[in-house]
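Step one of this worksheet: look at the structure below.
As a basis for the values below, the full set of heavy atoms in this structure was taken, side chains included, without hydrogen atoms, waters or symmetry mates.
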Amino acid sequence: MLRFERVCKTFSVGRLLSKSVIHAVWDASFEIAGEPVVFTLVGESGSGKTTIANLLLKTMNPTSGNIWLMNKNLKDYSKAQLIKIVQPVFQDPFETFNPLKRVEAYFLLMLKKMKTSKAKSSNYNLLERALNEVGLTLEDIKGRYPHELSGGQLQRLSIARSLLISPKILVADEPVSMLDASLRISVLNLFRKLRDQKVLHIFYITHDLATAYYISDYIAVILKGSIVESGPADKVLTSPLHPYTQLLRESVPDITKKTRQQIAKRQIESTVESAQLHLRHLCKFMYRCPYKREICEKKAPPALTLDGVAVRCWFYHNSVKGGV
């Protein structure tokens with residue numbers, strides 16, 4: 001369905017002699033195949049998650065590497081072709097809809113542009129069906145403006161908007177980060193329902209390890225543009241291999257005072273990491289890693305697969321090969 005093949009995205013910053021290149025995404029490789037799944041990309045702010053989403057939505061192009069969608073290179077898709085396969089759900093539901101338009105008018109205009117049907121009654125039927133899939137009815141939204149609905153309702157409407165086209169992949173970029181805890185669960189349960197009942201893959205992007213654990217089938221952990229670990233969610237999150245994934249897991253709330261102190265110490269030490277690692281083809285966790293070795297400062301670790309989990313860390317290459 002989807003495959004990223006050694007994808008890189010760089011940006012130039014600065015001017016003239018002070019110009020430098022930021023590697024927002026570096027050598028990213030992963031795939032989504034088979035039955036519908038929830039594939040989660042998790043990482044801290046500024047790690048490159050949204051850049052990968054934009055590459056998939058083709059709002060920007062990769063600097064190098066290839067993205068394959070349904071066995072066809074993404075660059076060969078027109079915009080009209082792509083929106084029928086991949087649809088986004090954004091972080092802020094209040095920015096998804098025009099505040100000056102009634103919600104139903106927004107949906108009907110979208111159906112008209114899609115040229116789904118010339119009959120108004122048929123369009124209302126399509127709208128009702130999309131709303132029912134997200135637990136709403138036409139009566140819930142009829143005649144109402146976006147500000148008259150809750151954040152949870154608007155996010156469900158945003159998902160319904162995407163479902164009107166019957167896409168194959170839903171790209172959900174931090175879709176629950178602005179919602180209350182109770183509403184988060186309802187939206188996450190909706191994603192699981194859509195995965196189970198429709199031929200629909202969910203590409204879920206988050207910084208929240210707790211929601212990732214709740215919803216994911218597969219997970220990829222990204223740090224400063226580099227995917228450091230990926231595989232089945234239960235393996236990655238319960239028995240993490242990469243030291244950065246281990247730190248993320250330790251950072252989940254309800255932890256002991258001792259562990260909090262250890263995390264605080266690591267975070268203080270991370271100040272030397274700085275943005276410079278965005279500029280270098282090295283391990284992005286090098287300055288915080290308890291397993292750091294001499295080769296870490298010379299060469300980036302290639303991916304190694306252990307029990308179905310791909311991890312980029314020289315520690316495991318040393319363990320398997322008996323030294324580098």
Side-chain angles (χ1 to χ4, degrees), residues 1-4 7 9 24-25 28 30 32 36-43 45 47-62 67-70 74-75 77-99 101 103 106-107 109-111 113-114 116 127 130-131 133-134 136 146 149 151-179 183-184 187-188 190-195 198-208 211-212 215-216 218 220 222:
M1 177 59 69
L2 174 68
R3 185 170 81 253
F4 272 57
V7 173
K9 179 61 181 178
V25 176
F30 59 85
I32 300 175
V37 297
V38 177
F39 184 96
T40 297
L41 186 64
V42 64
S45 297
S47 60
K49 304 187 301 294
T50 298
T51 301
I52 286 183
N54 287 329
L55 291 171
L56 175 54
L57 294 168
K58 209 179 175 182
T59 57
M60 60 177 65
N61 297 315
I67 303 172
W68 301 92
L69 180 63
M70 298 179 69
L74 191 67
K75 65 183 181 181
Y77 281 93
S78 67
K79 183 178 179 180
Q81 290 173 326
L82 186 62
I83 64 174
K84 293 179 180 179
I85 302 172
V86 182
Q87 278 289 305
V89 176
F90 300 109
Q91 179 177 1
D92 188 352
F94 293 96
E95 292 186 359
T96 302
F97 300 97
N98 187 335
K101 286 185 179 180
V103 174
Y106 186 96
F107 277 79
L109 179 62
M110 183 178 179
L111 285 168
K113 287 183 177 180
M114 290 165 50
T116 304
L127 174 54
L131 292 173
E133 287 176 341
V134 299
L136 295 171
L149 300 168
Q153 286 176 312
L154 283 178
Q155 196 63 294
R156 285 173 174 267
L157 285 175
S158 180
I159 297 168
R161 174 198 61 81
S162 299
L163 297 179
L164 280 176
I165 304 177
S166 299
K168 299 295 184 184
I169 299 176
L170 202 63
V171 181
D173 189 358
E174 299 277 11
V176 298
S177 63
M178 297 185 67
L179 302 180
L183 295 176
R184 290 182 186 182
V187 172
L188 293 175
L190 174 58
F191 285 145
R192 295 172 70 171
K193 172 188 168 186
L194 293 173
R195 174 201 63 189
K198 297 178 65 71
V199 183
L200 182 65
H201 295 269
I202 310 293
F203 191 86
Y204 179 61
I205 298 171
T206 185
H207 67 277
D208 186 349
T211 62
I215 194 175
S216 307
Y218 293 89
I222 186 170

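Panel note: side chain Ser216, backbone Ala212; a donor-acceptor pair is recorded below 3.5 Å. In this structure, Gln81 contributes its side chain and Ser78 its backbone to a donor-acceptor pair below 3.5 Å. With hydrogens and angles disregarded, a donor-acceptor distance shorter than 3.5 Å links the side chain of Lys193 to the backbone of Glu133. Using a distance-only test at 3.5 Å, with no hydrogens or angles considered, a donor-acceptor pair links the side chain of Arg184 to the main chain of Val176. Distance alone, capped at 3.5 Å, is enough to place a donor-acceptor pair between the Gln155 side chain and the Phe90 backbone. Within the 3.5 Å criterion, the main-chain N or O of Leu69 finds a donor-acceptor partner in the side chain of Tyr77. Of the possible donor and acceptor atoms, one in the side chain of Thr206 sits under 3.5 Å from a partner among the backbone N and O of Asp208. Here the side chain of Thr59 pairs a donor or acceptor atom with the backbone of Asn54 at under 3.5 angstrom. Formation of a donor-acceptor pair under 3.5 Å by the Arg195 side chain with backbone atoms of Pro36 is not found in this model. The backbone N or O of Met1 sits nowhere less than 3.5 Å from a side-chain atom of Lys168 that would complete a donor-acceptor pair.
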Starting from the C-alpha separation in whole Å, work towards a yes-or-no answer on side-chain contact (heavy atoms from CB on, under 4.5 Å) for Leu131 and Leu157.
CA-CA 7 Å; Leu131 292 173; Leu157 285 175; 3.4 Å; yes
side-chain contact (heavy atoms from CB on, under 4.5 Å) between Val37 and Ile32, worked out
CA-CA 8 Å; Val37 297; Ile32 300 175; 3.8 Å; yes
Could you walk me through whether Ile215 and Phe191 pass side-chain contact (heavy atoms from CB on, under 4.5 Å), step by step?
CA-CA 8 Å; Ile215 194 175; Phe191 285 145; 3.5 Å; yes
Could you check Ile52 against Val7 for side-chain contact (heavy atoms from CB on, under 4.5 Å), going step by step and ending with a plain yes or no?
CA-CA 9 Å; Ile52 286 183; Val7 173; over 6 Å; no
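To the nearest 0.5 Å, the span separating CG on Leu82 from CG on Leu57 amounts to 7.0 Å. Rounding to the nearest 0.5 Å places CD1 of Ile202 at 10.0 Å from OG1 of Thr40. How far CG of Leu194 is from CG of Leu170: 7.0 Å, rounded to the nearest 0.5 Å. Remark: Asp92 CG to Glu174 CD distance equals 12.0 Å, nearest 0.5 Å. Interatomic distance, Gln87 CD to Ile159 CD1, rounded to the nearest 0.5 Å: 12.0 Å. For the atom pair CG of Leu41 and NE2 of His207, the computed distance is 13.5 Å after rounding to the nearest 0.5 Å.
Between Leu164 and Phe107, some side-chain heavy-atom pair lies under the 4.5 Å cut-off. You'll find the side chain of Pro62 stays beyond 4.5 Å of the side chain of Lys9, heavy atoms only. Taking the side chain as every heavy atom from C-beta outward, Gln153 and Ser158 never approach each other to under 4.5 Å. Residues Val42 and Ile222 have side chains not in contact (no heavy-atom distance under 4.5 Å, counting atoms from C-beta outward).
Of all non-hydrogen atoms in Asn61 and Lys58, the two that sit nearest each other are OD1-CG, 4.1 Å. Taking both residues in full, the closest heavy atoms of Leu188 and Tyr204 are given as CD2-OH, 3.7 Å, listed atom of the first, atom of the second, then distance. When every heavy atom of Leu136 is checked against every heavy atom of Arg156, the shortest pair comes out as CD1-CB, 3.9 Å. Across all non-hydrogen atoms, the minimal contact from Ile205 to Pro175 is O-CD, 4.0 Å. Nearest approach of Leu154 to Phe97, heavy atoms of both residues: O-CE1, 3.6 Å. Nearest heavy-atom pair across Leu163 and Pro167 is CA-CD, 4.1 Å.
Checked against Phe39 for a ring-ring contact (aromatic ring centres under 6.0 Å, His included), the options Tyr218, Phe4, Phe30 give a single hit: Phe30.
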